[in-house]
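Structure first, commentary second.
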2 protein chains.
Amino acid sequence: MSAVKRDTYTPQSLLAVAVQVFNERGYDGTSMEHLSKAAGISKSSIYHHVASKEDLLRRAVSRALDGLFGILDEEHARVGRAVERLEYVTRRMVEVLTAELPYVTLLLRVRGNTDTEQWAMERRREFDHQVAELFEAAVADGDLRADVEGRLATRLLFGMINSVVEWYRPEVRGADGPAVADAVVQLAFHGLRTDT
Amino acid sequence: MSAVKRDTYTPQSLLAVAVQVFNERGYDGTSMEHLSKAAGISKSSIYHHVASKEDLLRRAVSRALDGLFGILDEEHARVGRAVERLEYVTRRMVEVLTAELPYVTLLLRVRGNTDTEQWAMERRREFDHQVAELFEAAVADGDLRADVEGRLATRLLFGMINSVVEWYRPEVRGADGPAVADAVVQLAFHGLRTDT
DNA sequence: AGCGTAACCGAACGATCGGTCGGGACAAGG
DNA sequence: CCTTGTCCCGACCGATCGTTCGGTTACGCT
């Protein structure tokens, strides 16, 4: 492996360009022609680096899923009081969302039209399910309010967390990933009001 | 207008079918052929009722936007303490989302590829902006926590509310629109934890 | 210098896209 | 019974879709 790198595309660097276009136009709304314009190479050249359009999608959502499932393997997500583990997972989810923003954004928007999309949705449901179990454990410990049903509350928590991909832009200063994670944990666990 | 109705499509009834398919496959992922299969009429017959595919999209998002902007005209959204008005708008947003689910779902997913989509995004931003102003007023009143920036907190509140379209299904009993609205208001304003 | 191959290109493939067109079936009103 | 208009259809349009192919360029290695 030589230290100098040629000024050419790798599957990874091409993926970075493609994912950005996918997020701007939507996966189905993006043609290979769009990708070729954005990448600055011809349409046919794309197929030298990746097998297909769907291959690009698979690589992208895999990266996002790896990031999310990696959270559950971390020590603070496995040991300790359930409510504390849930807070930790919440914080880390926001951090992963911001760090891997375009890839997770794409993952959260797949509709299930192809095999790859259905596989992505299935794995994502798997992740959600594991966090939901953590949530229920915290309710059983009496650390989370029981007057709102667990599944419903979990979904709303996920809604708040996942909405980060709709507006977070890393180039805007004053709110990096961990700072946003703090805000999410504060609001989700303690609410908006001052008088609680 | 005759009281008896023939067993045929109207622009509205056709729209209901189309919007459902749009939400399942995505707007760009839906062809007129898909719509014709779902509606049970030929592709060309669709054009007897509506002008174009984009016309269907415009009708759908218009209906959603009308529902949302209608909230701001209601009395409880216009008079009273800002924090109470914000709670009311929050509750009503969830109720409108659940009542007009497929139309609002479509609105929240447009990407801006066509003029209609860009117009929809603009109007939606307008609505968000008005609610954000209400939010800031409640912060100024001291009724909402000031340690999390207003714009950020507003976005997270919207994230929680809008996530309803990702999982709410009216056919599932035990959680109708107003009940979900209660849960959202409780969690958003008072948080998940018991010990606050 | 010469060779092998990574990187790229233009042209074209069959399929499908959104949309158009001329005409047929059928019920209502006279 | 005949007209009128609604509703629907199959056939077709040019454009664009994702992908393939044969061939060219240019770099790394010896």
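Quick caveat, the model's predicted, so the values are computed rather than measured. Each chain gets a letter, A, B and so on, in the order its sequence line appears, and its residues count up from 1.
- Rounded to an integer number of Å, the gap from CD1 of Ile41(B) to P of dT6(D) is 16 Å.
- The Lys53(A) side chain lies nearest to dG18(D) when the options are dG18(D), dA11(C), dC9(D).
- Tyr9(A) has its OH atom 17 Å from the P atom of dC27(D), to the nearest Å.
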**Glu171(A)/Arg169(A) under salt bridge (charged side-chain N to carboxylate O under 4.0 Å, His left out): CA gap, chis, key distance, verdict** = CA-CA 6 Å; Glu171(A) 65 270 19; Arg169(A) 296 294 172 267; 5.3 Å; no

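- Between His49(B) and dT6(D), a side-chain N or O to OP1/OP2 separation shorter than 4.0 Å is absent.
- There is a side-chain donor-acceptor pair under 3.5 Å between His34(A) and Ser31(A).
- Between His48(B) and dC8(D), a side-chain N or O to OP1/OP2 separation shorter than 4.0 Å is absent.
- Here Asp141(A) does not pair with Arg81(A) in a salt bridge; the nearest charged N to carboxylate O distance is not below 4.0 Å.
- Distance from the side chain of Tyr47(A) is smallest to dT19(D) among dT19(D), dC9(D), dC9(C).
- If you check dG18(D), dG10(D), dG18(C) against the side chain of Lys43(B), the one that comes closest is dG18(C).
- Taking only side-chain nitrogens and oxygens, Ser45(A) never comes nearer than 4.0 Å to OP1 or OP2 of dC8(C).
- DNA chain C lies under 4.0 Å from at least one heavy atom of each of the following residues of residues 18-34 of chain B: Thr30(B), Ser31(B), Met32(B).
- Spacing between atom CD1 of Ile46(B) and atom P of dT20(C) amounts to 13 Å, rounded to whole angstrom units.
- When the C1' atom of dT16(D) is taken as reference, atom CG of Leu35(A) falls 15 Å away, rounded to whole Å.
- The listed nucleotides are dA7(C), dG19(C), dC9(D); the one nearest the side chain of Ser52(B) is dG19(C).
- For Arg123(B) and Phe69(B), the positive end sits near the middle of the six-membered ring, less than 6.0 Å away and at most 45° from its axis.
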**Item:** Derivation and outcome, salt bridge (charged side-chain N to carboxylate O under 4.0 Å, His left out), residues Arg125(B) and Asp128(B)
**Value:** CA-CA 5 Å; Arg125(B) 270 195 298 270; Asp128(B) 291 8; over 6 Å; no

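- Distance CG (Asp55(B)) to C1' (dT20(C)): 16 Å, rounded to an integer number of Å.
- Remark: Thr8(A) is in phosphate contact with dC8(C), judged by side-chain N or O atoms under 4.0 Å from OP1 or OP2.
- A salt bridge is absent between Arg25(B) and Glu117(A): the closest approach of a Lys/Arg side-chain nitrogen to an acidic carboxylate oxygen does not fall below 4.0 angstrom.
- Side-chain heavy atoms closer than 4.5 Å link hydrophobic residues (I, L, V, M, F, W, Y) into clusters, and following such links, even through other members, never connects Val96(B) to Tyr88(B).
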